[in-house]
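Working notes for the structure below.
Note that this is a predicted model, so its numbers are computed, not measured. Residue numbers run from 1 in the order of the sequence given.
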Amino acid sequence: MRTTASVLHLDLDAFFAAVEQRDKPSLRGKPVIVGGVGGRGVVSTASYEARRFGVHSAMPMHEARRLCPHAAFLAGRFGAYREASGIVMGLLRGLSPLVEPLSLDEAFVDLATDPDRDLTPDGLRAIAADLRAAVVEATGGLTASVGLGSSKFMAKVATELGKPDGVHLVEPGDEVATLAPLPARAIPGVGPATMERLAKLGVATIADVQALSERELVRELGKASGEGLHALAFARDDRPVVAEREAKSISVEDTFEHDLTDPAEIDRIVDRDAALVAARLGKARLFARTVTVKVRLPDFTTFSRSQTLHGATDSADVIARLARGLLREVDVRVGVRLLGVGTAGFTTAAQEELFEVEASGPVVEEREASPVRPRYEPRWQPGADVEHAEHGRGWVWGSGLGRVTVRFETAETGPGPVRTFTLGDPALTLL
């Protein structure tokens with residue numbers, strides 16, 4: 001661990017919901033839930049107003065509707081989220097060249113890269129205060145929680161202790177005492193299955209883990225997990241902040257509102273997803289040596305089949321052809337809930353054009369069961385941005401029965417009026 005609390009962790013508060021409240025004045029101070037709005041939808045983000053009713057991320061959307069029926073349920077606008085994230089990541093890179101994004105709304109920063117920086121507790125708190133103020137100003141009102149610690153683990157723990165919209169610093173030497181009263185689930189990697197095994201040892205808090213020997217933990221969890229858990233319980237974490245993390249795979253997945261059974265439609269989706277994957281490879285200037293398809297059936301059985309190429313490719317046609325071949329070996333007649341196409345094994349050089357890229361390695365198949373995260377998005381999804389020739393900019397409040405209801409407001413206008421139009425109204429444009 002470091003001798004200063006020079007690792008900063010930033011987490012934008014209720015990010016997706018906060019962006020919606022920023023851009024939709026009528027939703028400010030009210031419960032907002034962002035996620036899949038279809039029958040199989042799950043919650044991506046809930047505003048703090050919605051969390052008071054027990055709504056949380058990864059909850060089935062039907063359960064969120066039961067707990068908080070008066071909330072605004074929105075499908076999400078990822079362009080707006082990416083834009084806001086880019087602004088915040090730019091501010092972080094102004095602090096240090098070592099910024100490690102974990103997601104759109106979360107990142108680590110190594111503050112020790114500047115030898116002239118004041119890394120005393122007061123100096124670090126001032127940095128955090130200035131950063132949070134800059135986030136509010138640059139993003140039009142979004143707030144962030146910031147944690148400071150002597151390692152990545154402690155910085156993230158500090159952020160959780162400072163939420164929402166706060167700063168928390170764990171000074172070097174206080175780590176073990178800070179961790180002790182926290183639940184054991186606060187340690188990364190301690191999920192329900194691990195917690196069930198730890199409960200047999202009488203573990204509820206990190207203090208309980210600290211009271212166990214490393215040998216006891218290894219005996220119960222295995223060598224790697226036991227040693228890792230013991231180290232983190234005592235705040236031993238030497239992981240560096242890494243600015244660029246190498247991509248291990250590039251993939252596209254779709255979860256469907258209704259199970260697919262038409263082979264021609266499935267092939268069309270494979271071709272479309274292969275084209276999207278190829279475009280991402282091209283943008284990253286990478287070529288892939290392995291192609292993968294993922295299929296989830298109605299009973300949640302999931303097949304992942306992959307094959308290695310003789311050479312490497314970024315061709316949509318090659319990826320689609322191999323993906324369709326892999327898919328032929330899965331019986332999809334019962335229906336498909338989820339379908340994905342992916343690539344891995346990256347290189348910066350392609351197969352020479354003298355040869356045709358072909359599959360050469362054996363087909364590797366994995367079978368699993370995992371939760372569904374639907375991505376079905378109807379065209380006039382709630383929350384989507386629209387513009388009307390007469391009324392101006394607004395957002396979709398709801399749609400159905402051939403009509404769409406729009407609230408006309410923006411971040412600058414204040415709460416606006418609601419109007420209903422027939423679908424296909426030439427004056428109304430989906431942005």
Side-chain angles (χ1 to χ4, degrees), residues 10-85 88 103-106 132 135-136 139-145 159-166 257 371-378 380-386 393-400 404-420:
L10 176 141
D11 194 352
L12 291 161
D13 298 318
F15 179 46
F16 293 174
V19 172
E20 299 300 342
Q21 291 176 318
R22 178 196 66 183
D23 295 345
K24 299 173 172 60
S26 61
L27 300 183
R28 294 172 188 170
K30 298 180 180 178
V32 174
I33 299 171
V34 179
V37 295
R40 296 173 179 169
V42 296
V43 175
S44 293
T45 308
S47 70
Y48 283 96
E49 294 87 354
R51 294 181 192 189
R52 287 197 284 268
F53 292 87
V55 180
H56 57 79
S57 60
M59 171 182 284
M61 191 63 83
H62 65 81
E63 178 68 9
R65 291 183 186 275
R66 184 186 68 80
L67 293 172
C68 194
H70 57 292
F73 292 86
L74 308 178
R77 300 175 302 131
F78 289 93
Y81 308 150
R82 283 191 292 269
E83 180 182 1
S85 174
V88 175
S103 60
L104 287 177
D105 59 344
E106 186 180 3
R132 293 177 63 249
V135 168
V136 172
T139 63
L142 300 183
T143 64
S145 297
T159 300
E160 292 297 323
L161 294 174
K163 284 186 177 182
D165 190 19
E257 182 76 358
V372 176
R373 297 184 65 83
R375 294 177 57 187
Y376 170 81
E377 297 180 351
W380 294 94
Q381 53 191 342
D385 293 320
V386 298
R393 295 285 296 270
W395 56 280
V396 175
W397 202 10
S399 63
V404 57
T405 299
V406 176
R407 182 181 283 276
F408 289 98
E409 62 183 9
T410 67
E412 293 78 26
T413 63
V418 176
R419 302 282 188 273
T420 298

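- By the 4.5 Å heavy-atom criterion applied to side chains, Y48 and K163 are counted as neighbours.
- Judged by distance alone, with hydrogens and angles left aside, the side-chain atoms of T143 form no donor-acceptor pair with the main-chain N or O of D165 at under 3.5 Å.
- Here the side chains of W395 and D23 are not in contact, with every heavy-atom distance at 4.5 Å or above.
- Using a 4.5 Å heavy-atom cutoff, the side chains of V19 and L12 are not in contact.
- V386 is not listed as a side-chain neighbour of V404, based on a closest heavy-atom distance of 4.5 Å or more.
- F15 is not listed as a side-chain neighbour of V88, based on a closest heavy-atom distance of 4.5 Å or more.
- Here the closest heavy-atom approach between residue D13 and residue A18 is recorded as O-CB, 3.5 Å.
- Summarising the local packing, CD of E83 is surrounded by 12 or fewer heavy atoms from other residues, nucleotides or ligands at distances under 6.0 Å.
- What you find for S103 and D105 is that their closest heavy atoms are OG-OD1, 2.6 Å.
- Counting only distance, with no hydrogens or angles, the side chain of R407 and the backbone of G416 share a donor-acceptor pair below 3.5 Å.
- Nearest approach of P415 to P25, heavy atoms of both residues: N-CB, 3.5 Å.
- Residues L10 and R132 fail the side-chain proximity criterion, which asks for heavy atoms closer than 4.5 Å.
- Within the 4.5 Å cutoff, side-chain heavy atoms of R77 are placed close to those of E20.
- Between K24 and V32 the shortest side-chain heavy-atom distance does not fall below 4.5 Å.
- Nearest heavy-atom pair across Y81 and V34 is OH-CG1, 3.7 Å.
- Side-chain atoms of S145 and D11 form no donor-acceptor pair, as typed in the model, at a separation below 3.5 Å.
- Taking both residues in full, the closest heavy atoms of A46 and R51 are given as O-NE, 2.8 Å, listed atom of the first, atom of the second, then distance.
- The main-chain N or O of R22 is found under 3.5 Å from a side-chain atom of R28 such that the two form a donor-acceptor pair.
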